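Below is one structure; the comments refer to it alone.
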Amino acid sequence: MPIPIQKTFTYSVTDEEYNFLKKGMRVAVSFGKTKLFTGLVFNIHQKAPILYEAKDIHQILDDKPLVNEHQLKHWQWIANYYICALGDVFRASLPSAFLLESETIVYKNEAFINENELEDDEFLIFEALQHQSQLTIHQVADILGKKKVMPIVNELIKKSAIYIQEKIYEQYKPKLVKYVRLHSDYTSDDSLNSLLEDLSRAKKQRVAVLTFFQLSTSKKPIKAKDLETTANVSSAVLKSLVDKNIFEFYEIQTDRINFKGDTNTLKTLNEFQEKAYSEIKETFTKKDVTLLHGITSSGKTEIYTKLIQEVLDDGKQVLFLLPEIALTTQIITRLQFYFGEQISVFHSKYSMNERVEVWNNVLENKTKAQIILGARSSIFLPFSNLGLIVVDEEHETSYKQFEPSPRYNARDAAIVLSKMHQAKILLGSATPSLESYFNAQQNKYGFVVLNRRFNNVQLPKIELIDVKEKHKKKEMKGHFSDRLLKLIQEALDEKEQVILFQNRRGYSPIVECKTCGVAPQCPNCDVSLTFHKFRHELRCHYCSYQRAMPNSCSACGSNTLDTKGFGTEQIELELKELFPDYKIGRMDLDTTRGKFGYQKIIGAFEAREIDVLVGTQMLSKGLDFDNVTLVGILNADTMLNFPDFRAHERAYQMMVQVSGRAGRNKKQGNVAIQTYNPYHQILQQVSTTNYTEMYKEQLQERWQFKYPPYYRLIKITLKHRDYNKVDSGVNWLFKALYASFGEHVLGPTAPAVSRIRNQYIKNIVIKIPPKQSLANTKNQVAKIKNTFEAVKDFRPIRFIMDVDAY
DNA sequence: AGCACGCCGACT
DNA sequence: GTCGGCGTGCTC
Ligand SMILES: [Zn+2]
Ligand SMILES: [Zn+2]
């Protein structure tokens, strides 16, 4: 069942159903008192339960399995590894349209006449049913303006005034395209001639018929829409031709997303790519997982495409994973250029219907689903025959899902998936995660390096600018040092483009009182509200709270409320003053609103309509701009001082990735990093792009402070509306865990946002030493969890476990 | 998770 | 007195 319960549920089936059903088919079953749910057949057996009587199933929903055995195995691994219910994985895997749920519908009993038997509320419902043939329970609640309506509904049923039924609605709507063909009466030539004569007076209709014949020469089915536009007639004209039995309409089910265009042969690899390629092939003979460490702009994608082509030629499917934000039109187009319609994209932005179609195409192993280019959740698609998985930007933290359960890491789950298919998996990155690099060094993974940029473009020159010094010498203008301004001017003089990065942290647009410094807070969460300029209101990021922008400060009453814009907005303003003759663009949550907002800015920048683009990290993912020669990082320090054991690793990755945007063409690019701390080891390592040094140093620290990749982490989060409850709960839990794991338990701590949606939050982290068994540790934690939940006071506290919580 | 059931405080 | 809030237990 698609619910967070550990057990499976047993239903009884008839002989006929028994013979028909297969694992992985969906069945509608009654679950609980009334509800119909979508369950998935997990096992078919003949051991009738003794302690209870199994219910019959309601209906079989599929005629062949929707989920295959590889997936069922994979789900079990995820549920077991990430400590969640199989139902959680089930729910996360399937597009929601596949998970039908019933709704209770109320109907009037036509034979009922004793209206005067009814109480006021009962009569209200009965009367509503005179006007509307059916009501949902929700509608009933609305009519009565009450929350508890079931007693009243039940009373009405007892009096035989109404009856109820559980209805399931199909959510997936196939897209049907209307086509036109000639009615069967008119297939002979004679009839056709007389037809045109008949239409001599109906001019438009005649045109429509003639156009139809013209279009028919291509022997392809003719869409009604196409006929209308080509013949320049309205749909009414076609309709009347159908009414006259001259044409007839028919419908064909079509996919919502289809590729149209040509494909091209693969580019030949340069000698360095070729070398890396053959090394990967070589490692694949010994290892199933290989890490490709290829510097930015080294042409990793071409290597991937060559590997993909080979797997396709072998008749196998390919999964190409990318972080959500890197799944841009640019990369999609680039792959479609080679593989055309063999690629399907899978995205969280896809509609439910689109996802269903991709799912079905993968399930049926259709031509158009040979390569799946997808984000995190595409690991759940029903692959039957995977030959290769590519995980690009392997280091990206967005591969980890945090909320809701299952809290899986798609890269790691993909490695397991590849094992199940006996497929190969390639992890690629210019800045590998420490854990993957470590695995490669330990010889667990194959390892291939590509350290030459494509077209032999040099790595950019990276310069650290000491902002403290600049301030002292009064060489700062707002956020800019004179040196950075000079570099910008030089680039602009050469008609080149510039990207400037501003870290997002601490720069969301909030409102603050100038008199007392108080910022309006969310009433449900422990955060300041953010200001949304376009609607002039205040909103909370964590819950859906919103309110109009107040006129005066709620704390001191003065009307000195000041709106602080995005950090990027401030930078943009400064730039407009400093470079009035150039076009300045800005990319942040504010300007990328709307469906095409993002694409519009990127498009304008690509078309060189924008000279300087200011943005957050979102700019650095999955985009190539060939005219950018300067990249500036305005404040490197915020990243370095972040309290997280991975802060330094991430800062390195982010800065190197961002630097990679500079000088993708012939000319060597420049990167300028402004910092208060130019001697920070990470900045030094960034400035020389010295990954190995960063790796060694960070690894040393991880060992010293007992962090991954040496130690594993399990994070436990407790949530409850009552602060004291969480607090005493978390202290109890800490003591219990400490008794088992001693100093390897950290906490308890409150997260940066310690209350969300009126739920107080506390964390505890358990570190698992290299030699300690993960399975045993999980069992011990599970035991402690059981004891915890046996305490009456703690039972209502939400207990969340997150394995590899980083 | 969702839902029914039952207990308890707070309003007409 | 009713209504809604919330803890409790259960789902084949
Ligand atoms: Zn909030
Ligand atoms: Zn104030």
Side-chain angles (χ1 to χ4, degrees), chain A residues 1-14 17-18 21 23 25-60 79 83-94 96 99-106 119-122 124 136-138 140-155 157-158 164 166 168 403-407 524 719-726 728-729 757-760 786 788-801:
Chain A
M1 304 303 299
I3 43 176
I5 302 179
Q6 292 300 336
K7 338 174 236 194
T8 53
F9 291 80
T10 307
Y11 287 82
S12 80
V13 292
T14 63
E17 288 165 338
Y18 181 88
L21 279 172
K23 285 184 194 179
M25 285 182 180
R26 290 172 308 148
V27 284
V29 292
S30 119
F31 190 72
K33 265 211 146 148
T34 49
K35 284 265 132 151
L36 288 175
F37 265 76
T38 307
L40 196 79
V41 179
F42 188 68
N43 195 7
I44 308 168
H45 59 84
Q46 309 233 22
K47 300 180 286 278
I50 320 155
L51 295 170
Y52 56 89
E53 200 180 340
K55 282 186 187 173
D56 292 338
I57 61 166
H58 179 263
Q59 196 190 345
I60 299 174
I83 323 182
C84 67
L86 201 54
D88 281 332
V89 191
F90 174 25
R91 169 145 257 152
S93 299
L94 291 177
S96 61
L99 291 171
L100 313 170
E101 269 177 44
S102 71
E103 197 170 20
T104 312
I105 309 285
V106 179
E119 306 284 325
D120 290 357
D121 277 351
E122 294 167 14
L124 230 59
T136 64
I137 292 294
H138 266 281
V140 170
D142 283 348
I143 291 167
L144 298 181
K146 282 186 188 170
K147 292 213 169 150
K148 278 183 184 165
V149 293
M150 279 320 279
I152 299 160
V153 171
N154 286 331
E155 192 57 32
I157 296 169
K158 223 166 89 190
I164 55 173
E166 290 294 313
I168 333 178
E403 204 63 52
S405 173
R407 300 176 171 79
N524 312 317
K719 288 188 185 177
H720 194 268
R721 158 171 43 84
D722 179 353
Y723 178 81
N724 292 323
K725 227 187 204 23
V726 203
S728 55
R757 293 171 186 271
N758 281 320
Q759 301 263 309
Y760 290 90
N786 284 339
F788 179 85
E789 283 171 345
V791 181
K792 205 168 181 281
D793 253 14
F794 299 155
R795 261 166 72 180
I797 301 177
R798 281 246 296 153
F799 194 114
I800 298 165
M801 287 205 255

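First the proteins, then the strands, lettered A, B, ... as listed; each starts at 1. Since the structure is predicted, the reported quantities are computational estimates derived from the model, not experimental observations.
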Residue pair A:Leu40 / A:Arg26, side-chain heavy-atom distance below 4.5 Å: yes
Sugar-phosphate, base or nothing in reach of A:Tyr11, heavy atoms under 4.0 Å: sugar-phosphate
Under 4.0 angstrom between A:Lys147 side-chain N/O and C:dC3 OP1 or OP2: no
Touch class at under 4.0 angstrom, heavy-atom based, for A:Ser30 against every strand present: sugar-phosphate
C:dT11 phosphate, OP1 or OP2, under 4.0 Å from A:Lys55 side-chain N/O: no
A:Asn154 or A:Arg798, whichever maps to the more 5' nucleotide of DNA chain B: A:Arg798
5' precedence on DNA chain C between A:Lys725 and A:Gly145 (nearest-nucleotide basis): A:Gly145
Under 4.0 angstrom between A:Lys33 side-chain N/O and B:dC5 OP1 or OP2: yes
Among B:dC3, C:dT11, B:dA1, the nucleotide that comes nearest once only the side chain of A:Phe31 is considered: C:dT11
Sugar-phosphate only, base, or nothing, as touched by A:Arg91 at under 4.0 Å among non-hydrogen atoms: nothing
Between P of C:dT8 and CZ of A:Phe794, the distance in whole Å: 13 Å
Sugar-phosphate, base or nothing in reach of A:Lys148, heavy atoms under 4.0 Å: base
Ionic contact status for A:Lys158 with A:Glu119, cut-off 4.0 Å: no
Gap between atoms CZ and C1', on A:Phe9 and C:dC12 respectively (whole Å): 6 Å
Length of the line joining A:Leu100:CG and B:dG2:P, which is rounded to integer Å: 16 Å
Any N/O donor-acceptor pair, A:Tyr52 side-chain to C:dC12 base, under 3.5 Å: yes
Length of the line joining A:Lys47:NZ and C:dC12:P, which is rounded to integer Å: 20 Å
Touch class at under 4.0 angstrom, heavy-atom based, for A:Leu51 against every strand present: nothing
Sugar-phosphate only, base, or nothing, as touched by A:Lys7 at under 4.0 Å among non-hydrogen atoms: base
